Number of protein chains: 2
Amino acid sequence: MTVRPSVPADSLFGLANLPYGVYSLPGREPRVATRYGDQVIDLAVLLDDDVFARPSLNAFMAQGYDRWTEVRAAIAERLRGPVPQEAVHELGAVTLRLPFEVADYVDFYASEHHAANLGRLFRPDSPDPLMPNWKHLPVGYHGRAGSVVVSGTDVVRPSGQRKGPQDPVPVFGPSVRLDIEAELGFVVGTGSAMGESVGADDAERHIFGVVLFNDWSARDIQAWEYVPLGPNLGKSFASTVSPWVVPLLALDAARIPLPPQEPAVLPYLRMAEPWGLDIELSVAWNGQVVSRPPYAAMYWSPAQMLAHQTVNGAPSRTGDLFASGTVSGPAKDQRGAFIELTWGGAEPVTVNGRERTFLEDGDEVVLTATAPGADGARIGFGEARGRIVTGSRPGT
Amino acid sequence: MTVRPSVPADSLFGLANLPYGVYSLPGREPRVATRYGDQVIDLAVLLDDDVFARPSLNAFMAQGYDRWTEVRAAIAERLRGPVPQEAVHELGAVTLRLPFEVADYVDFYASEHHAANLGRLFRPDSPDPLMPNWKHLPVGYHGRAGSVVVSGTDVVRPSGQRKGPQDPVPVFGPSVRLDIEAELGFVVGTGSAMGESVGADDAERHIFGVVLFNDWSARDIQAWEYVPLGPNLGKSFASTVSPWVVPLLALDAARIPLPPQEPAVLPYLRMAEPWGLDIELSVAWNGQVVSRPPYAAMYWSPAQMLAHQTVNGAPSRTGDLFASGTVSGPAKDQRGAFIELTWGGAEPVTVNGRERTFLEDGDEVVLTATAPGADGARIGFGEARGRIVTGSRPGT
């Protein structure tokens with residue numbers, strides 16, 4: 001038996017998108033699917049290919065760029081005709097899972113507006129809000145792969161050490177400055193061997209796709225721990241990704257020139273045509289949109305991030321995830337973290353009629369985004385949703 | 001057909017040790033083994049258990065503390081009698097593999113002598129060589145799990161950006177200050193769920209075993225990149241582990257009281273009986289021992305490191321690896337990194353008659369260690385060996 005799935009012309013999940021995800025039905029093993037309108041299409045059934053009868057995208061991603069191109073074309077072709085009824089599920093009837101096994105996770109710091117805002121907040125007396133290295137290399141650090149969770153997973157408020165300027169000694173307890181970072185994540189489909197590197201112009205053949213990424217951050221824990229080796233427990237408790245990986249192949253129409261990079265970057269970071277991505281993010285706090293960070297304003301491109309992280313010969317693997325760092329634009333309502341949006345808590349924002357600074361238990365944050373797709377369409381990224389819950393506490 | 005493997009009384013790999021590793025023979029799948037003297041004993045054959053007929057220790061480690069205890073007793077009992085001949089291979093006839101799949105990797109900074117030496121080197125004008133947080137929490141950061149390699153793997157000299165104080169702009173090229181860090185690594189056997197934490201007194205039931213760990217470090221790349229988010233490419237190109245995981249259960253006799261911690265640590269880091277490990281490391285540079293770092297001098301215990309990294313609710317997983325950071329003792333010839341041993345390159349050491357500071361291509365470094373075992377035995381850790389080779393260079 002076959003059906004003909006149809007999708008409204010203005011859907012963010014039409015033929016221009018065709019993202020990849022992993023779904024499950026009660027009592028059945030997770031499998032790879034695409035989203036078409038509000039329907040989830042099982043790709044193992046649609047394409048009769050066992051590489052999709054798996055609980056993650058990794059095996060398919062490892063097949064490489066040419067296969068990604070072929071499969072994308074094949075999905076679009078099949079969806080133009082009748083498809084087997086057992087391939088089609090309503091979005092509301094399935095559980096969406098973490099779409100890929102995360103190998104290594106690196107978080108960058110690629111927004112000049114974000115880096116400068118944090119520099120002004122943390123080093124108010126410094127003449128230059130950016131560190132000397134910032135315009136020479138995409139600064140980044142490794143984070144915890146094991147705490148990457150799919151949208152909808154509750155986020156337990158972390159406990160940890162903090163020490164304010166007035167505190168004589170550090171105190172332990174639940175974070176009181178719990179924040180978000182609205183980011184995009186880039187999923188590596190095919191990696192590079194130890195001792196090799198990925199060229200900046202070759203990176204687009206290695207990057208499989210893009211997810212929404214919320215790098216939840218406990219600013220009080222982070223501020224006390226991070227010197228000299230960087231953030232650790234202030235970030236490692238949870239990071240939320242959207243369930244749909246939008247293929248980089250779907251984002252051709254979203255490519256835009258990268259903002260000018262001055263001083264000129266070193267040759268390994270140069271690109272024949274430096275490209276950024278025109279993706280508009282949105283941050284909703286308890287249902288109210290409080291920020292619309294523009295990815296177009298990012299200083300470093302994802303291709304440069306991948307080139308940089310492999311230029312020392314570090315291997316990269318299928319399933320590696322690297323995130324952009326907070327996306328912030330020049331305007332106040334384009335800032336992608338609450339610490340910027342509220343200027344360290346000094347300038348509260350009004351959410352549903354209340355003045356707010358950092359996250360309270362029960363708060364929910366939802367990231368969404370859209371971008372131009374082929375043939376004038378717009379494409380969506382689904383959502384990265386998380387709610388703050390109270391955790392059990394170790395003895396203090 | 002059975003044989004009776006015998007081991008000299010002074011072997012570092014007698015019944016007091018029984019480490020776990022993964023070996024392969026030409027054309028055969030890797031499997032789990034123990035080392036007994038200079039023999040490799042296939043555990044799937046010895047114990048007739050398929051959990052060992054796998055290419056990593058992870059499945060066995062995930063079975064938990066009680067199983068580790070049972071299996072250790074069962075191996076010792078079987079080795080006291082005749083064993084199937086097909087279980088026994090000569091050490092020289094097999095290839096030793098990376099013994100476990102690394103989930104997340106965190107590197108700590110747990111030696112007070114090391115942290116103070118680096119503080120004096122990098123901040124000579126500071127009155128206190130330690131950062132204010134150092135005695136309150138085990139400082140650590142996430143590193144690259146995908147570049148953890150087994151002993152014997154060549155290390156390709158990394159290229160990257162560096163900028164000396166005299167350089168007007170950063171330059172790109174092969175690292176000229178390539179260093180080692182002699183560490184121990186701790187392998188998590190059973191983890192903890194997101195939102196939970198491992199208590200410091202419970203950590204010994206989660207830590208499966210101990211490996212030697214060389215955290216190769218490009219000091220010039222690290223110095224330029226690491227502010228404010230910590231080390232990245234200066235470390236991510238390679239880390240070498242020994243092929244044998246010495247069970248924590250084998251190290252009961254090596255437990256010693258932890259050096260006094262003053263100021264008192266917060267309750268979540270307190271232990272009923274704070275234990276450290278009396279393990280003597282040795283660093284050989286082109287065959288000449290240049291340092292003997294004493295693990296007994298470490299300030300933070302592995303149990304505290306695991307308690308700390310999970311106290312914020314970050315999940316831990318089978319295969320997580322956390323390393324101690326450079327092991328350095330109070331004496332000059334107990335320093336576990338060349339940057340300390342040569343005081344930033346200012347005080348060369350003589351290796352095979354030549355004055356040396358950092359690593360040259362062709363250099364080989366071998367870490368070894370011994371510890372007290374049960375019944376007066378000493379136990380060994382095998383070796384973590386690596387040789388520096390010239391890499392192909394991306395265009396500059």
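Note that these values count all heavy atoms, side chains included, but never hydrogens, waters or copies made by symmetry. Within every chain, numbering begins at 1; the chains are lettered A, B, ... in the order of the sequence lines, protein sequences first and strands thereafter. From a predicted model like this one, the values you see are computed outputs, not experimental measurements.
In this structure, CG in B:Leu229 is found 11.5 Å from CG in A:Leu229, a value given to the nearest 0.5 Å. Between the CZ atom in B:Phe172 and the CG atom in A:Leu137 there is a gap of 11.5 Å [rounded to 0.5 Å].
At a 4.5 Å heavy-atom cutoff, B:Val155 makes no contact with chain A through either its backbone or its side chain. At a 4.5 Å heavy-atom cutoff, the contact between B:Leu233 and chain A is made by backbone and side-chain atoms alike.
For residues 120-128 of chain A, a heavy-atom distance under 4.5 Å to chain B picks out no residue at all. Interface with chain B: from residues 219-226 of chain A, residues A:Trp224, A:Glu225, A:Tyr226 qualify, criterion being any non-hydrogen pair under 4.5 Å.
Annotation: side chain of B:Tyr141 is not in contact with side chain of A:Tyr141 (no heavy-atom distance under 4.5 Å). Side-chain contact between B:Asp104 and A:His142 is absent, with no heavy atoms from C-beta onward closer than 4.5 Å.
The salt bridge (charged side-chain N to carboxylate O under 4.0 Å, His left out) search around A:Asp154 returns A:Arg387, not counting sequence neighbours. With sequence neighbours left out, A:Gln309 forms a side chain to side chain donor-acceptor pair (under 3.5 Å) with no residue at all.
Residue with the most contacts toward chain B among A:Arg270, A:His136, A:His308: A:His136 (heavy-atom pairs, distance under 4.5 Å). Interface remark: of the candidates B:Val149, B:Asp107, B:Val227, B:Val227 forms the most heavy-atom pairs closer than 4.5 Å to chain A. When A:Val169, A:Asn232, A:Asn133 are compared by the number of non-hydrogen pairs under 4.5 Å with chain B, A:Asn133 comes out ahead. The candidate from A:Gly199, A:Ala103, A:Pro132 with the greatest count of non-hydrogen atom pairs under 4.5 Å with chain B is A:Pro132. Top candidate by heavy-atom pairs under 4.5 Å with chain B, chosen from A:Gln161, A:Met131, A:Met194, is A:Gln161. Here A:Ser236 is the residue among A:Ser316, A:Ser236, A:Gly313 with the most heavy-atom pairs under 4.5 Å with chain B. Here A:Pro228 is the residue among A:Pro228, A:Gly160, A:Gly191, A:Pro263 with the most heavy-atom pairs under 4.5 Å with chain B.
In this structure, A:Pro315 and B:Arg144 approach most closely via the heavy-atom pair O-NE, 2.9 Å.
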